[in-house]
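Chain naming here is simple, since letters A, B, ... match the order of the sequence lines and numbering starts at 1 in each.
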Amino acid sequence: QKYWEDYKTFKAELRPGKSKNYVLCMFPYPSGALHMGHVINYTIGDVIVRYRMMKGFNVLSPMGWDSFGLPAENAAIKRGMHPEDSTNSNIEKMRAQMSKAGWGYDWGRELATSHPDYYKWTQWLFLKFYKAGQAFKKRAAVNWCPRDATVLANEQVQDGKCERCGTPVEQRDLEQWFFKMSSDAERLLRNHEQLKGWPERVLKMQVEWIGRSEGARIDFTVTETGDPLPVFTTRPDTVYGVTFMSIAPEHPLVEKLVKGTPREEEVMRQVREMRRGGTSERERVDMEKVGLFTGLHVTNPLNGDEVPLYVANFALMTYGTGAVMSVPAHDQRDFEFARKYGLPIKVVIQPPDGTLDGKLAQAFEGDGLQVRSGPFDGMPNREAMGKIIQHIEKNGWGKGTVNYRLRDWLLSRQRYWGAPIPIVYCPVCGEVPVPEKDLPVLLPRNVEFKPTGESPLARCPDFVETTCPKCGCPAKRETDTMDTFVDSSWYFLRYLNARDGDGALDPEAMKYWMPVDQYIGGIEHATMHLIYCRYFTHVLHDLGYVPFEEPIANLFCQGMVCKEAFYCQEDKWLRQDEVHEGRCTKCGRPVHAEVAKMSKSKLNVVSPDEIITKFGADTLRLYILSDTPPERDQLWNDEGLLGSHRFLNRLWSTVFDNIGMLNTAAGKPPAGEQTDKASRELRRKTHETIKRVTDSIEDNYHFNTAISGVIELVSQTREAISLMNSASASAAPSLPAAIREAVQSAVMLLSPIVPHIAEELWHVLGGKGTILQQPWPAWDAAALKVEEVEMAVQINGKVRAHLTLPAGLGEEQVKEAALADERVQRNLEGKAIVNIKVVPDRLVSIAAK
RNA sequence: GCGAGAGUGGCGGAAUUGGCAGACGCGCUGGACUUAGGAUCCAGUACCUUGAGGUAUGGGGGUUCGAGUCCCCCCUCUCGCACCA
């Protein structure tokens, strides 16, 4: 580690003409302690970095800190510290832990999103977005977490709960800052074709999240007042079957429409009741469908039908137009609602095989022929869809349109620990952006930041009170801060010129290094960070700041590290040492065991620090990659860790116990065709392993099979050493050279995974400098050739015999040899051969009756 | 409900992409050695029977000389989305 540090092994420089490789791991929130999630993430990244360095790439491997945000603030409150202090001390601790793990980074590019020299540029970018109309303020119903006392983006709400703390989210009407992400929906979707190096499931999740659907906007009219009431539908072919209209309780028209009507009080009471749980709470299938007649009606522009208008809890203000044309005959949800409230059901599409009447058991959602649909009667409904849209457009009743589920990104937060939004409110000039020369808008240090629901910065007069940059009048600053996902939406660009005080982005560096060749991180960011950073880059591209649209060429999502967790009814979650023979050692009750992601609450965490202290970083690194392909969840097993430790000890002693022989053999010509059989076989194993390890890494980073390959090579090498030391050594004069080659190859192949031991062994074997400057081993195709093969003989699909034959033997000769075999003959007795198939060097398959 | 992925020994997982299922590791069983170390080394370890066989990759069909792998039906689990009009 000292060598890597002293010689700046991981310092990356822009070298035009040299192939680059940008390997990036998702930067951590500085909690102060590494956990196994970091270990798997950053070990994968480090192995790729080292492998590609040996492959000759100019590799960039940066690291930084996602240091703003709620967790830092909450932790600081709990510990009675200022978030700035606890964040900085956590960064120190974690940087030291990372170095101990042996992960190689170019620390000269380190950044922290909470440092003014970073968030200055986050604010600068915000202003660019603002001027381009991509950042704007609007009043909207937003998700509110009462515990964290702040708003949340839709992406941060899970199952109606705060993604951070699990508290049920409420709905509030607030004026908030948004990024116009919805305007990028089409491109976010379209550019998927450029993301060939992304996992399919991440793209699928993004497709669902963006939620594109084609249909039409149709303008209904409120019969009594003449107010327009547009709806979005994906089934314009059913528009003649509308028998009522549903409107979201949040819809601005509701209050206006019922005002002064006899039903006002009742309707508004219902509206308040429906809104109480918040939008997300209502977005649940199992929620009972509730509606209330407003006393008003709407007119269907196509047939003039006047149908009742209902306030309904299943209508969402956040999708489409907030109003739904309801067609109970052809939509199951509308059907159930109509049944409940005794509303008419009007069939307008007949299935090809039968005749539906008004007494349906359920909605008919399939295809058929239009009926009771005016000029479209008799037309197949698929065809009618287009025709009806044309008809609607011609008459000015609406328009064919595409609707997206993706909403704008709510970026303001009523919390302290984030980048201040650089806007000033002037009584004369209104909303005024802070001039670029006045950036950063510094986050003041002395603020009472405990959450109350009001932005903490609002209670800091020194911060709030300012003058208008335009007219000089006394003015007030925006007191909300930015969502931390804003910070992390561009950090991969900032690494390229992290120390540059003159600009956010460096065009030359971006041209060379971008896009990111390999991004590694958790799947949990599929619809958050991984959409936000794409959107951000798209806008920066449109503004001419970056020369590409997609920042991440290849993405790898690692699995979780899990471990058995034990639960006792009486004593709750137990540590492993509190369980004995399936029973709780405290109360003797049987214990329930389950495999779960390592978590403090389930008491099944293993501390990387402790493992490194006891067994060394290499044991941990090797073990975490050994058992399971890295994209899959893995099960932590203490015994398995010991197995990895034992292997490294074996490798170590293989070198040290034989160091004299190994170094005497150095430089001797490698065993060739003229040498003895044992040497040729070891050499073949060596080159097979080089190929296998290289292929395994290239095949989606399957380090587990790469490692098992090296273990086999080391075992075979140790057998060769025993042979060499035995009496028959004279029969294998080339063995020392073959053993030397095998050992050296094993060390090189393992070096990205266990770099400390590999560097040490490499030096003991006479190497100079760092192993990272050595070329990755190449296999010699000639050495892979086998001389003899064992072929299986199948008779009617069952293996009946084995033949040892020279490799590459002709088909006829193989058949001959097979039929001559005594066991084969015995099994063929009394049968006639129907067919013989030879798979060269593998097997013979005989079909007989 | 929709979408994706996965079902292989006691466990984690291999399987050259249609070619001898169970590599490698853990665990377990014998044995060796001992400077008692999270030792090490050797042998064994899918199941049933052992003369030889027979049965096995969630279940059932199919294609094929040959299927864990391809096709059809079914079951189970995991993850994501979910009143999306």
Side-chain angles (χ1 to χ4, degrees), chain A residues 158-159 199-209 211-213 215 231-235 238 245-246 248 282-289 312-316 318-327 331-334 336-337 403-405 523-524 526-527 559-560 614-615 622-623 626-629 631-647 649-650 653 688 691-692 695-696 702 704-712 715 718 722 790-802 826 833-848:
Chain A
Q158 306 262 317
D159 297 331
E200 195 60 37
R201 60 178 170 148
V202 173
L203 296 180
K204 285 264 161 60
M205 282 164 76
Q206 292 202 348
V207 168
E208 274 182 26
W209 192 258
R212 181 183 198 276
S213 39
V231 299
F232 172 75
T233 180
T234 53
R235 293 291 305 272
T238 65
M245 171 78 72
S246 309
R282 262 196 12 247
E283 286 183 25
R284 279 179 24 219
V285 182
D286 53 359
M287 190 96 180
E288 200 197 344
K289 289 161 188 53
N313 66 344
F314 66 80
L316 305 171
T318 46
Y319 186 82
T321 65
V324 191
M325 63 173 225
S326 292
V327 187
D331 180 282
Q332 188 58 27
R333 187 192 49 199
D334 293 344
E336 284 163 22
F337 192 89
N403 191 65
Y404 299 93
R405 211 175 67 103
I523 185 85
E524 67 274 17
T527 55
M560 294 185 301
K614 281 187 187 165
F615 300 98
L622 179 67
Y623 171 65
S626 281
D627 268 358
T628 310
E631 73 276 12
R632 234 191 279 181
D633 289 351
Q634 65 174 292
L635 181 60
W636 179 276
N637 172 358
D638 288 329
E639 309 302 324
L641 179 82
L642 289 177
S644 295
H645 191 61
R646 279 198 291 266
F647 168 71
N649 280 332
R650 214 151 60 227
S653 55
E688 269 173 15
K691 183 174 189 313
R692 179 167 163 194
D695 289 348
S696 295
H702 278 192
N704 56 329
T705 49
I707 291 165
S708 72
V710 182
I711 293 176
E712 281 181 44
S715 298
R718 288 167 67 88
S722 315
E790 187 170 271
M791 292 182 68
V793 184
Q794 289 185 346
I795 295 169
N796 292 337
K798 296 204 190 301
V799 178
R800 296 297 180 185
H802 288 276
R826 182 149 42 88
I833 295 172
V834 180
N835 187 18
I836 304 184
K837 172 102 184 168
V838 175
V839 182
D841 289 349
R842 281 194 185 283
L843 59 74
V844 185
S845 183
I846 302 171

* To do: Find out whether Q794(A) and V799(A) are in side-chain contact, i.e. whether some heavy atom of one side chain is under 4.5 Å from a heavy atom of the other.
  => yes
* Counting only side-chain N and O atoms of N704(A), is one of them less than 4.0 Å from OP1 or OP2 of A14(B)? -> yes
* Structure fact -> Ranking G66(B), C81(B), G25(B) by distance to the side chain of W209(A), first place goes to C81(B)
* Asked: In whole angstrom, what separates R201(A)'s CZ from C2(B)'s C1'?
  -> 18 Å
* Given the side-chain rings of F337(A) and F314(A), with only the six-membered ring counted for Trp, is the space between their centroids under 6.0 Å? -> yes
* To do: Please work out if G211(A) contacts a base, only the sugar-phosphate, or nothing of the nucleic acid, heavy-atom cut-off 4.0 Å.
  => nothing
* Taking the same atom, P, in A21(B) and in A56(B), what whole-Å distance lies between them? -> 13 Å
* Shortest side-chain distance from L843(A), nucleotide among U55(B), C20(B), A85(B) -> C20(B)
* Structure fact -> All heavy atoms of Y319(A) vs all of S213(A), minimum pair found to be OH-OG, 3.0 Å
* Asked: Starting at the 5' end of RNA chain B, which residue's closest nucleotide do you reach first, S626(A) or M205(A)?
  -> S626(A)
* Please state how far atom CZ in R842(A) lies from atom P in U16(B), giving the value in whole angstrom units. => 9 Å
* Of all the choices, G12(B), C84(B), A4(B), which nucleotide is nearest to the side chain of D627(A) once you look at every atom? -> G12(B)
* To do: Write down the distance separating the P atoms in U63(B) and U69(B), rounded off to the nearest Å.
  => 15 Å
* Structure fact -> Taking G38(B), A23(B), G19(B) as options, the one with an atom nearest any side-chain atom of Q794(A) is G19(B)
* Pairwise P distance for C24(B) and C42(B), with rounding to whole Å -> 13 Å
* Structure fact -> By the Watson-Crick or G-U definition, both distances under 3.5 Å, U45(B) is matched with G27(B)
* Between R800(A) and G54(B), does any side-chain N or O lie under 4.0 Å from OP1 or OP2? -> yes
* Whole-Å distance between C2(B) C1' and R333(A) CZ? -> 15 Å
* Rounded to the nearest Å, what distance is computed from the OH atom of residue Y319(A) to the C1' atom of nucleotide C81(B)? -> 13 Å
* Asked: Between A85(B), C83(B), A39(B), which nucleotide gets closest to the side-chain atoms of R646(A)?
  -> A39(B)
* Hunt down the Watson-Crick or G-U wobble partner of G9(B), both distances under 3.5 Å, from any strand shown, or write none. => none
* Asked: What distance, rounded to whole Å, do you find between the two P atoms, one in U8(B) and one in G68(B)?
  -> 15 Å
* Residues E200(A), K204(A); criterion salt bridge (Lys or Arg N to Asp or Glu O under 4.0 Å); working and verdict -> CA-CA 6 Å; E200(A) 195 60 37; K204(A) 285 264 161 60; 3.6 Å; yes
* Structure fact -> Regarding U29(B), purine or pyrimidine glycosidic angle vs 90° from 0 gives anti
* Can you find an N or O donor on one side and an acceptor on the other, under 3.5 Å apart, linking the side chain of Q634(A) with the base of G12(B)? -> no
* **C1' atoms of G10(B) and U45(B), separation to the nearest Å** => 11 Å
* **Atom P, compared across C71(B) and G27(B): separation rounded to whole Å** => 39 Å
* Asked: Side chains of I523(A) and R201(A): does their closest heavy-atom pair fall under 4.5 Å?
  -> yes
* Ignoring hydrogens and angles, answer whether the base of G66(B) and the side-chain atoms of K837(A) contain a donor-acceptor pair closer than 3.5 Å. => no
* Less than 4.5 Å apart, any side-chain heavy atom of D627(A) and any of L635(A)? -> no
* Asked: Hey, which of these two, L642(A) or N403(A), hits RNA chain B nearer its 5' end, going by closest nucleotide?
  -> L642(A)
* Asked: Side chain of E639(A): nearest nucleotide among G27(B), A85(B), G38(B)?
  -> G27(B)
* Structure fact -> Which of C65(B), G38(B), A85(B) is nearest the side chain of N835(A)? It is C65(B)
* Any strand: nucleotide that pairs with G68(B) via Watson-Crick or wobble, under 3.5 Å -> none
* Structure fact -> Regarding G54(B), purine or pyrimidine glycosidic angle vs 90° from 0 gives anti
* Short side-chain to backbone donor-acceptor contact, R235(A) and V327(A), under 3.5 Å -> no
* Asked: Which one is paired to C79(B), where only Watson-Crick or G-U wobble pairs with both distances under 3.5 angstrom count?
  -> G3(B)
* **Given G13(B), A82(B), A85(B), the nucleotide with the shortest approach to the side chain of T234(A)** => A85(B)
* Taking atom P in both U76(B) and A82(B), compute the distance separating them and give it to the nearest angstrom. => 25 Å
* Structure fact -> By the Watson-Crick or G-U definition, both distances under 3.5 Å, G38(B) is matched with none
* To do: State the pairing partner of U17(B); accept Watson-Crick or G-U wobble contacts with both distances under 3.5 Å, and report none otherwise.
  => none
* Taking the same atom, P, in G30(B) and in G22(B), what whole-Å distance lies between them? -> 26 Å
* Kindly say whether, by distance alone, the side chain of R632(A) makes a donor-acceptor pair under 3.5 Å with the base of U78(B)? => no
